[in-house]
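Throughout, protein chains are lettered first and strands after them, A, B, ... in sequence-line order, and every chain is numbered starting at 1. Note that the structure is predicted; figures quoted are calculated from it, not measured.
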2 protein chains.
Amino acid sequence: MIEPTVSRNFEPDIPDIVIRRLPIYVRTLRALQESGIANVSSDQLAELIGVTAAQIRRDLSYFGKFGKQGKGYDTFHLEQAISQILKLDHKWDVALAGFGSLGHAIAHYRGFEPSSFRIAAIFDRNPEQLGRQIDGVTIMSDRCIAGEVARLGIQIGIIAVPAANAQDVAAALVEGGIHALINYAPVVLKTPPNVLVREIDPIGALQSMTYYLEGEHE
Amino acid sequence: MIEPTVSRNFEPDIPDIVIRRLPIYVRTLRALQESGIANVSSDQLAELIGVTAAQIRRDLSYFGKFGKQGKGYDTFHLEQAISQILKLDHKWDVALAGFGSLGHAIAHYRGFEPSSFRIAAIFDRNPEQLGRQIDGVTIMSDRCIAGEVARLGIQIGIIAVPAANAQDVAAALVEGGIHALINYAPVVLKTPPNVLVREIDPIGALQSMTYYLEGEHE
DNA sequence: TAGATTGTTAATCGATTAACAATC
DNA sequence: TAGATTGTTAATCGATTAACAATC
């Protein structure tokens, strides 16, 4: 919901929903390589991911031809190709706003090494956190957000602050030149149309699942 | 992606995408009430949420008539009605698998009090964590998952373990009788069709955003 | 060559939007 | 009553799927 108004890319017109599926293809192709599997058909890949083979072929066709008829796809080459399309072949600096337990979890996440992302700045409102070093990054005050983001030329921000501060923090990040935001706060952010926002909303996910569950528990 | 095959609910046929929007309506209506606003039109609500008024009215029409022509919606009554549809009017026990920094952040999250969810069981693989008490809940071994979930009659699970263990943990939770899963692990889980799975995938979100960003950073 | 599987088009399906009669 | 806004239907838009000719 609340899908991005994208204005930075001028590819013909590739649906955002296709772009959002590409990371799953990359992930699965990497897992296959690690299992020593050099080749997959769209049927096999579909089975692993839980989608249809037609969807995979259709998705890929937006970007070119990556397979061989009768053979399928080379896991290494297809992964490289999609990684390049997503620009995952170089590192991106990320600004993390909020260093509570969620921010801590984000900063310490090592589920994806080597990763294309690096926490290059951390901000927190709590004075006790200020000056603390995390992997060589010094936690700074929220008041430094715009200046520091601009100074470092950071394009991606993660909002992990309480709902009440999320809008102000978002505004500061945008002021600093951020173009893409991951928002963990349960708040609809007001941002300019050239800023891409993706919501991470586990509470919303929980709240929508109970609809399907059996009634009177507890 | 990988949408749920739902088999527990037999409502005519309300699209899951509509169900997934309802928590945002609830959240926004609660915020309005806290601001002392007793009434909203679909236009105002749409503006706040960033969707169209037509979509809101259409979504609500799946469940009944909640507004008054010429007047709009009573924020209290509409929130109550949607909360009831989502079954948020009573508490749900949740099993948390994984008590690393992510599990810790989930267990300590207080962004939504009073919440309809209560962490009623915590499991971790790390022997050092075992026996530790978190809000009156004792961390237990992964080996206890199925038994404990069954004993407590828990229907909802959260997977916050490393990718490598996620499938096993999911299987144990399902064995214990879990019907709904929130999955933070970057892995496509294999679950029976009557189990609802929602993916929380911040890394995927990041990886799909770089597609839209300007090239050669770093 | 024969068999398998891609890439692509057209058909289908589903979700969003626009419009407006009903009605508070 | 007049004005505003709902609830709902039909039109539009977009995404998924099925099918198959191309080709490795």
For DNA chain D, what is the dot-bracket line, given that a base pair needs Watson-Crick (N1 to N3, plus N6-O4 or O6-N4) or G-U wobble (N1-O2 and O6-N3) geometry with both distances under 3.5 Å, and | means paired with another strand?
..||||||||||||||||||||||

Check each residue of residues 70-77 of chain B for a non-hydrogen atom within less than 4.0 Å of any atom in DNA chain D, then write out the ones that pass by number, or none.
G70(B), K71(B), G72(B), Y73(B)

Could you walk me through whether F117(B) and L88(B) pass the side chain to side chain contact (heavy atoms under 4.5 Å, CB included) check?
CA-CA 9 Å; F117(B) 303 95; L88(B) 299 176; 4.1 Å; yes

What is the distance, to the nearest angstrom, from the NZ atom on K65(A) to the C1' atom on dA22(D)?
9 Å

Separation of dT8(D) P from Y62(B) OH (nearest whole Å):
12 Å

Between dC20(D), dG7(D), dT16(D), spot the one nearest the side chain of R57(A), thanks.
dC20(D)

Q55(A) vs dT16(D): side-chain N/O to OP1/OP2 distance below 4.0 Å
yes

Run the salt-bridge test on D142(A) and R125(A) with the 4.0 Å N-O cut-off and return the result as yes or no.
no

Length of the CD1-P vector between I17(B) and dG14(D), whole Å
14 Å

Between W92(A) and K87(A), is there a donor-acceptor pair closer than 3.5 Å when you use the side chain of the first and the backbone of the second?
yes

In whole angstrom, give the distance that lies between atom CG of D13(A) and atom P of dC13(D).
14 Å

Distance below 4.0 Å between R21(A) side-chain N/O and dA15(D) OP1 or OP2
no

In terms of side-chain geometry, is the basic nitrogen of R198(B) or D201(A) positioned less than 4.0 Å from the acidic oxygen of its partner?
no

Tell me whether the count of non-hydrogen atoms from other residues, nucleotides or ligands lying under 6.0 Å of CD in Q33(B) goes above 12.
yes

I want to confirm an ordering. Mapping D43(B) and R58(B) to their closest nucleotides on DNA chain D, which one lands closer to the 5' end?
D43(B)

salt_bridge(K190(B), D168(B)) N-O dist < 4.0 Å
no

Any side-chain donor near an acceptor of the partner, T75(B) and E79(B), under 3.5 Å
no

S42(A) side chain to R57(A) side chain, donor-acceptor N/O pair below 3.5 angstrom
yes

Sequence-distant partners of D124(A), salt bridge (charged side-chain N to carboxylate O under 4.0 Å, His left out), two or more places apart
none

Residue whose nearest DNA chain C nucleotide is more 5′ - G64(A) or G67(B)
G64(A)

Rounding to an integer number of Å, can you tell me how far D59(A) CG sits from dT16(D) C1'?
10 Å

